[in-house]
Enquirer: 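Have a look at the structure that comes next, please.
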Amino acid sequence: EEMATSWELLDEICRFSALESLESLQSSALPKAGAFLASLETAPDEAATTAAVKCCQCVETIITTLGHGILPKLKDITQPLLDLAQRVVQSPESSGLDLDGQILQALGALCRSVGGVLSPFLGQFLQVVCAPAS
């Protein structure tokens, strides 16, 4: 629960901060978010799922606010988001629609912000987006 609260607080700070603050935040927040999402199990418990949802919300806020400014940290967050999305989609005991939806929201923010440079990740994007709903 503390982890979820921490991500939620960081998301709120990002929503109300100036762009200059976010650029410095991205250098530490996005790698930590990527590492956290990469560490999640296939079927996380309720507390971990809640924390992951809040983390994805924070990531979406940073991506949306920074736009192309996200490029220096693109690899820190894109692969962990895609890997988590694939694990959640492929898991029979999926962690729930909140996490599924929030991952897709964050990936959508990436596409809107820097879609032109996502070609190395295109195959995985298509797998996630075209995966049958379970």
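Not measured: the values here are computed from a predicted model.
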Enquirer: Looking at Glu12, I want to see if its CD is surrounded by more than 12 non-hydrogen atoms of other residues, nucleotides or ligands under 6.0 Å.
Expert: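 Result for CD/Glu12: enclosed.
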
Enquirer: Tell me, do Arg87 and Leu40 make a side-chain contact under 4.5 Å, heavy atoms counted?
Expert: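 A side-chain contact exists here, since the closest heavy-atom pair is under 4.5 Å.
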
Enquirer: Check Phe121 against Gln79 and note the closest heavy-atom contact, atom names and distance.
Expert: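 Closest pair (atom of Phe121, atom of Gln79, distance): CE2-OE1, 3.4 Å.
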
Enquirer: For residues 48-59, which residue pairs pass the salt bridge (Lys or Arg N to Asp or Glu O under 4.0 Å) check, not counting sequence neighbours?
Expert: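 For residues 48-59: Glu8-Lys54.
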
Enquirer: For a quick test of your reading: what N or O donor-acceptor pairs under 3.5 Å do the side chains of residues 107-117 make, sequence neighbours left out?
Expert:
from: Arg112; atom 1: NH1; to: Gly108; atom 2: O; distance (Å): 3.3
from: Ser113; atom 1: OG; to: Ile63; atom 2: O; distance (Å): 3.3
from: Ser113; atom 1: OG; to: Ala109; atom 2: O; distance (Å): 3.0

Enquirer: Rounded to the nearest 0.5 Å, how far does CD of Glu2 lie from CH2 of Trp7?
Expert: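 Taking CH2 in Trp7 and CD in Glu2, the distance rounds to 14.5 Å.
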
Enquirer: Rounded at 0.5 Å granularity, tell me how far CD1 in Ile103 sits from CG in Leu99.
Expert: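 Going from the CD1 atom of Ile103 to the CG atom of Leu99 covers 4.0 Å.
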
Enquirer: Nearest 0.5 angstrom please: Thr5 OG1 to Leu10 CG, how far?
Expert: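 So the gap between those two atoms works out to 12.5 Å.
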
Enquirer: With a 4.5 Å limit on heavy-atom distance, are the side chains of Ile70 and Leu30 in contact?
Expert: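 Heavy-atom side-chain distance check passes, below 4.5 Å.
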
Enquirer: With the side chain counted from C-beta on, respond yes when Leu37 and Asp83 share a heavy-atom pair under 4.5 Å apart, and no when they do not.
Expert: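 Answer no - side chains too far apart.
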
Enquirer: Grab the two heavy atoms, one from Ser28 and one from Pro31, that are nearest each other, plus how far apart they are.
Expert: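 Heavy atoms of Ser28 and Pro31 come nearest at O-CD, 3.5 Å.
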
Enquirer: Could you walk me through whether Leu118 and Leu74 pass the side-chain contact (heavy atoms from CB on, under 4.5 Å) check?
Expert: CA-CA 9 Å; Leu118 291 175; Leu74 190 62; 4.1 Å; yes

Enquirer: Do you know which two heavy atoms are closest between Glu60 and Ala106, and how far apart they sit?
Expert: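 That closest heavy-atom pairing would be CB-CA, 4.1 Å.
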
Enquirer: CD1/Ile77 to SG/Cys56 distance, rounded to the nearest 0.5 angstrom?
Expert: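 The distance works out to 7.5 Å.
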
Enquirer: To the nearest 0.5 Å, how far apart are CG in Leu81 and CG in Leu104?
Expert: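 It comes to 10.0 Å.
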
Enquirer: For a quick test of reading the model, state the closest non-hydrogen atom pair linking Ala51 to Phe36 and the distance between them.
Expert: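 Closest pair (atom of Ala51, atom of Phe36, distance): CB-CZ, 3.6 Å.
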
